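Reading through the structure tokens given below for one structure.
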Number of protein chains: 2
Amino acid sequence: MQDLSRIMAEADSETVDLEIIVQGAQEGKKQELRLWLRMLSTTKLVSQEVRRRLRAEFGATLPQFDLMAQLYREGDGLRLGELSKRTMVTNGNVTGLVERLEADGMVLRVTPDGDRRVTVAKLTPKGEKLFGTMAAAHEGWLRDMMADVDPAVIAELWKDIGEVKTSVSNHLSGVDFD
Amino acid sequence: MQDLSRIMAEADSETVDLEIIVQGAQEGKKQELRLWLRMLSTTKLVSQEVRRRLRAEFGATLPQFDLMAQLYREGDGLRLGELSKRTMVTNGNVTGLVERLEADGMVLRVTPDGDRRVTVAKLTPKGEKLFGTMAAAHEGWLRDMMADVDPAVIAELWKDIGEVKTSVSNHLSGVDFD
DNA sequence: AAGCAATATTTGAAATGTCAAAGGTTTCGC
DNA sequence: GCGAAACCTTTGACATTTCAAATATTGCTT
């Protein structure tokens, strides 16, 4: 944490009302915040359950599963940069993930002849087989977890969250300082 | 990754049938998976934006912000175990988070007289002030990001995701091996 | 052909994340 | 009160995460 003095000075000059800021999410003013907190906690809940089961049943991690899912649907493999975009994982992170998956024999790394900057990752047969098993289980877990939710609600949620995603995408700050 | 041979054997003996037998299964079967993938990617998108801004504007991290939010609404402080539950962060992780926040002067650690097993974390005045500023900004970011979504949809989403969360909560596997 | 910008991946530092095991403390049962 | 069980936090080993800087390679410009 850096640059505190400047920030504190700002806070001082404003005298933000500390009582109201976090609390009053009930009153309609903070619908977005309230929704976000609920989305976040729900996502964490599901993620942790999925992670726990992937680990217990397959000894795999969620990021590994995600990465393999992308490779699974592109039989010819993907460049690491592509993988990074699709999994929303940083480049540096993909390097390590692929490294470990390769060590486990799930993934193969190849440098194509045309361009030696590039590394293409590809599932091995072993990786494909394991992922197939995991994917089927994974789908079942989700169906179970959401079993009490009306299918119509699920469809509605899918649509509406799509709207949220679009809105968010259109309001991202590239990189800006104040 | 461990225990592969057993898992592979299972996969072999099952030969999962990718063709779907039940009627209407193409559309209905994977609704939950589809919803989950969309929830996950949307949450990642928002998280990354929030993280980027917290860092750029306040030099703080998202987990730190989360933790401070919990302490903010409990002026008397919270035991680390409580913090762990509320932030959905493991115990060991809370230790480190609080350590760093204490080093930054945002948080105070106290061992109450009654029970020396316990550590209570509490925001310092400096921490309170900074959090107040961050919380106000944070709320604004979310309002901006979701600006294109109809308020009625936001309210609906909040309600429906609540249903999802309840369902998931009721279908968690404590700890089970197969 | 030399130089330089653009592209693609890796590396390194710091923080966060999980899990399991280890430490102290308290409390309960006897 | 003693010893064991229960409780709370810390520690340690790894994996994942981000960002920024460093490498390496290609392609463009002149």
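Keep in mind that what you see is a predicted model, and the values were worked out from it rather than measured. Throughout, a chain's letter reflects where its sequence line sits, starting with A, and its residues are numbered from 1. Hydrogens, waters and symmetry mates play no part in the numbers below; they use all other heavy atoms, side chains included.
- Along DNA chain D, the nucleotide nearest to A/Pro63 and the one nearest to B/Thr119 differ in position, and the one closer to the 5' end is contacted by B/Thr119.
- Rounded to an integer number of Å, the gap from CG of B/Leu62 to C1' of C/dA14 is 16 Å.
- The CG atom of B/Leu54 sits 15 Å away from the C1' atom of D/dT17 (whole-angstrom rounding).
- Atom CE in A/Met106 sits roughly 14 Å away from atom P in D/dA15 (whole-Å rounding).
- Residue A/Gln64 has no polar side-chain atom (N or O) positioned under 4.0 Å from OP1 or OP2 of D/dA15.
- Atoms CD (A/Glu99) and P (D/dA15) sit 11 Å apart, rounded to a whole Å.
- Contact annotation for A/Asp115: backbone-only contact, meaning every heavy-atom pair under 4.0 Å involves sugar-phosphate atoms and none involves a base.
- In the set C/dT25, D/dA24, C/dT9, the nucleotide with an atom closest to the side chain of B/Arg116 is C/dT25.
- Annotation for B/Asp76: atom CG does not count as buried by contact number, only 12 or fewer foreign heavy atoms lying within 6.0 Å.
- Side-chain atoms of B/Ser167 do not come within 3.5 Å of backbone N or O of B/Val164 as any donor-acceptor pair.
- A/Asp104 contributes no side-chain N or O that, together with a main-chain N or O of A/Met106, makes up a donor-acceptor pair within less than 3.5 Å.
- Closest to the side chain of A/Leu97, out of D/dT17, D/dT10, D/dT26, is D/dT17.
- An OP1 or OP2 oxygen of D/dC8 is reached within less than 4.0 angstrom by a side-chain nitrogen or oxygen of B/Arg79.
- B/Val89 comes within 4.0 angstrom of the backbone, heavy atoms only, and of no base.
- Annotation: B/Lys85, atom NZ; neighbour count of heavy atoms from other residues, nucleotides and ligands within 6.0 Å does not exceed 12.
- Straight-line distance from the CZ atom of A/Arg109 to the C1' atom of C/dA8: 13 Å, rounded to whole Å.
- Taking every side-chain heavy atom of A/Asn91 into account, C/dT9 is the closest of C/dT18, C/dC19, C/dT9.
- A/Glu82 has its CD atom 10 Å from the P atom of C/dA8, to the nearest Å.
- Ranked by how close their nearest DNA chain C nucleotide is to the 5' end, B/Gly96 and B/Gly92 are led by B/Gly96.
- Between A/Glu102 and A/Arg109 there is a salt bridge, since at least one side-chain N of the basic residue sits less than 4.0 Å from a carboxylate O of the acidic one.
- At least one side-chain heavy atom of A/Met88 sits less than 4.5 Å from a side-chain heavy atom of B/Leu45.
- B/Thr95 comes within 4.0 angstrom of a base, heavy atoms only.
- Separating the NZ atom of B/Lys44 from the P atom of C/dG17 is a distance of 14 Å, rounded to the nearest angstrom.
- Atom pair B/Lys85:NZ and D/dC7:P shows a separation of 10 Å (rounding to whole Å applied).
- Using a 4.0 Å cut-off, some side-chain N or O of B/Asn93 falls inside it from OP1 or OP2 of C/dG17.
- Residue B/Thr90 places at least one side-chain N or O closer than 4.0 Å to OP1 or OP2 of C/dT18.
- You'll find that the side chain of B/Arg117 is closest to C/dG24, out of D/dT10, C/dT9, C/dG24.
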